[in-house]
There are 2 protein chains.
Amino acid sequence: MTSAEAGPRRREKYRHGDLRRALVEAGTEMAREGGPQAVVLREATRRVGVAPSAAYRHFEDRRALLDAVCSAAQAALAVAIEGELAGLAGDGNPAELARARLRGVGTGYLRFARAEPGLFRTAFSASDNLRSAASRDRAGEGGLTPFQLLGAALDELVEADVLPRERRPGAEFLAWSAVHGLAMLLIDGPLRGLEHPEAREVGQRLIDMVERGL
Amino acid sequence: MTSAEAGPRRREKYRHGDLRRALVEAGTEMAREGGPQAVVLREATRRVGVAPSAAYRHFEDRRALLDAVCSAAQAALAVAIEGELAGLAGDGNPAELARARLRGVGTGYLRFARAEPGLFRTAFSASDNLRSAASRDRAGEGGLTPFQLLGAALDELVEADVLPRERRPGAEFLAWSAVHGLAMLLIDGPLRGLEHPEAREVGQRLIDMVERGL
DNA sequence: TCTCCTTTGTGTACGGTGTTCACAATCCGT
DNA sequence: ACGGATTGTGAACACCGTACACAAAGGAGA
């Protein structure tokens, strides 16, 4: 008990314990509120209660922090898609189930984009991040990234004989393009402000187009 | 001739003449090099040779400058699409020409995205800008914005009896979604670095999907 | 032509940001 | 218990967007 008088309360622990995770969580919250632009290194350290330079013990860059947040956002998207898929029950017909699962990936994707626009934009903020899309911390509970979930749904479609096998290679890029583009239109573009029923309808219509045209 | 000795050469004209346009041009060049993030107000004034605060005589905000650059980028995109369309000659069959024109809009869009990724990203940087997409300074030589060019192509498709009239309303959003999404994949996403022949092929395949599924 | 007002660019200043670096506190293996 | 590696601190730098008072230039009316 050297100095227990009314000095400014000492920090409980000099070491934080898990500063890296805390910073990513703070950054994720900021991304949720304002997109990738809003994840500000100094603000993150402020929220965690730590000096700005402390972040550099765990991230080389602001960009590195943003990449971690980006991964977290992609994982959240994967979880949303998994949630959409979980409610699907096969009524015996495997072809119909496979189709429903592909639609589920699309609607889950769009639902997440509208529910969490900040996180969604962050998940796809430009960087070298998206190159290796197959990483554990970009995945959901099942261990699959959003991209891999889409690929799996397409594989099931082939297995159920509804998508010709020769059309399978590269099909994920076509489907992904369509849904991702619509998501952008809905949150940033001219379709912003479309309310739930209309947004849902145009989403379903787009997925119809993909199903028909794939 | 009050002070014509060896003083530091006076600025030729105190008034710049057309500072606003000069700033937009500088900003556009920076956007071309590094996307929307790279259009920095101070740097623009530096390139033009003017004090930073001078910009505020012509733009309320950095955001206002960026919006102007964004409009210029959209106009450039419109010109690129028009260029793609200009090479098309009808071989008598109006249905085939209409189809070719729709494809032209898509390939022009994708070509521009790959040729000018910085400008492309800037053209669709998130803001209130995209809401009123119909403005003269977002248009090409023909006075139509990229969005309106797509709409016109779809109208021709209806006129040529290849797209059923009841499917026309809202179709631009479906087509735009697909092409825009692919553009994003090609410049920022997992398809980055795809070279010309492959990129062109996946583009054509996507447009096939749209044509079939619309 | 002179004067006065409006427009447009200047200089300075403030707060915020990312980043660096020497230093201090803590933890951990020996 | 000790000594080195790890992790957080504080001060500093350069840069950014923005605000404000001031000065230079131009134009309208006498």
Side-chain angles (χ1 to χ4, degrees), chain A residues 1-4 7-27 29-31 33-70 122 125-127, chain B residues 1-4 7-27 29-31 33-70 122 125-127:
Chain A
M1 292 184 186
T2 51
S3 64
R9 177 126 53 108
R10 304 245 251 200
R11 131 180 279 92
E12 348 255 317
K13 298 179 304 187
Y14 178 76
R15 301 306 189 85
H16 181 280
D18 199 352
L19 180 54
R20 185 192 160 90
R21 179 184 317 276
L23 285 174
V24 172
E25 280 171 10
E29 187 50 39
M30 298 190 293
E33 295 162 8
Q37 287 263 354
V39 33
V40 167
L41 189 142
R42 286 183 100 111
E43 168 72 10
T45 62
R46 219 174 288 129
R47 292 194 184 189
V48 172
V50 105
S53 39
Y56 289 84
R57 296 292 173 199
H58 303 274
F59 301 96
E60 187 180 350
D61 249 347
R62 179 201 110 105
R63 183 71 230 182
L65 169 60
L66 183 54
D67 280 353
V69 173
C70 169
T122 306
S125 64
S127 83
Chain B
M1 290 186 186
T2 51
S3 64
R9 178 121 57 105
R10 305 243 248 199
R11 129 178 281 92
E12 349 256 316
K13 297 180 302 186
Y14 180 79
R15 303 303 187 89
H16 181 281
D18 199 351
L19 181 53
R20 184 191 161 92
R21 180 185 315 278
L23 286 173
V24 172
E25 280 171 11
E29 187 50 38
M30 298 191 293
E33 295 162 7
Q37 287 263 355
V39 31
V40 168
L41 189 143
R42 286 182 100 111
E43 169 71 12
T45 63
R46 220 174 287 130
R47 293 194 184 190
V48 172
V50 105
S53 37
Y56 289 84
R57 296 292 174 200
H58 302 274
F59 301 96
E60 187 180 352
D61 247 350
R62 178 201 109 106
R63 183 70 230 184
L65 170 59
L66 183 54
D67 280 353
V69 173
C70 169
T122 306
S125 63
S127 82

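Chain identifiers are assigned alphabetically (A, B, ...) following the order of the sequence lines, protein sequences preceding nucleic acid strands; residue numbering begins at 1 within each chain. The figures that follow rest on heavy atoms only: side chains count, while hydrogens, waters and symmetry mates do not.
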Q) Over how many whole Å does the gap from Leu66(A) atom CG to dT17(C) atom P extend? A) 16 Å
Q. If you draw a 6.0 Å radius around CD in Gln37(B), do more than 12 non-hydrogen atoms from other residues or ligands fall strictly inside?
A. no
Q.
Between Asp61(B) and Leu66(B), is the side chain to side chain contact (heavy atoms under 4.5 Å, CB included) condition met? List the steps.
A. CA-CA 9 Å; Asp61(B) 247 350; Leu66(B) 183 54; over 6 Å; no
Q. For the residue pair Thr122(B) and Ala31(B), what are the closest heavy atoms and their distance?
A. OG1-CB, 3.4 Å
Q: Could you walk me through whether Arg63(B) and Cys70(B) pass the side chain to side chain contact (heavy atoms under 4.5 Å, CB included) test, one step at a time?
A: CA-CA 10 Å; Arg63(B) 183 70 230 184; Cys70(B) 169; 5.6 Å; no
**Q.** Strand-adjacent residues in residues 19-27 of chain A, judged by heavy atoms under 4.0 Å from DNA chain C
**A.** none
Q: Starting at atom NE2 of His16(A), determine the distance to atom C1' of dT9(D), rounded to an integer number of angstrom.
A: 15 Å
**Q.** Rounded distance in Å - CG (Asp67(B)) to P (dG17(D))
**A.** 15 Å
Q | Under 4.0 angstrom between His58(B) side-chain N/O and dT7(C) OP1 or OP2 | A | no
(Q) I need the minimum non-hydrogen distance between Ala68(B) and Val24(B), along with the two atoms involved. (A) CB-CG2, 3.8 Å
Q.
Working to the nearest 0.5 angstrom, can you tell me the gap between Leu23(A) CG and Arg57(A) CZ?
A. 13.5 Å
Q | Length of the CG-C1' vector between Asp18(A) and dC27(C), whole Å | A | 16 Å
Q: Output yes when a side-chain donor or acceptor of Arg62(B) lies under 3.5 Å from a complementary backbone atom of Leu41(B), and no otherwise.
A: no
**Q.** Whole-Å gap separating C1' (dA19(D)) and CZ (Phe59(B))
**A.** 18 Å
Q: Would you mind reading off the distance between Arg46(B) atom CZ and dT10(C) atom C1', rounded to a whole angstrom?
A: 16 Å
Would you give me the side-chain donor-acceptor pairs under 3.5 Å for residues 46-56 of chain B, sequence neighbours excluded?
residue	atom	partner	partner atom	Å
Arg46(B)	NH1	Glu43(B)	OE1	2.5
Arg47(B)	NE	Glu43(B)	OE2	2.9
Arg47(B)	NH2	Glu33(B)	OE1	3.4

Each nucleotide N or O in nucleotides 18-20 of chain C that has a protein N or O under 3.5 Å away: list the pair and distance.
residue	atom	partner	partner atom	Å
dG18(C)	OP1	Leu41(A)	N	2.7
dG18(C)	OP2	Leu41(A)	N	3.4
dG18(C)	OP2	Arg42(A)	N	2.9
dG18(C)	N7	Arg42(A)	NH1	2.6
dG18(C)	O6	Arg42(A)	NH1	3.0
dT19(C)	OP1	Asp61(A)	OD1	2.9
dT19(C)	OP2	Tyr56(A)	OH	2.9
dT19(C)	OP2	Arg62(A)	N	2.7
dT19(C)	O5'	Tyr56(A)	OH	3.1
dT19(C)	O4	Arg42(A)	NH1	3.3

(Q) Please give me the minimum heavy-atom distance between Thr45(A) and Arg42(A), naming the atom from each residue. (A) OG1-O, 2.6 Å
Q) Over how many whole Å does the gap from Gln37(B) atom CD to dG17(D) atom C1' extend? A) 14 Å
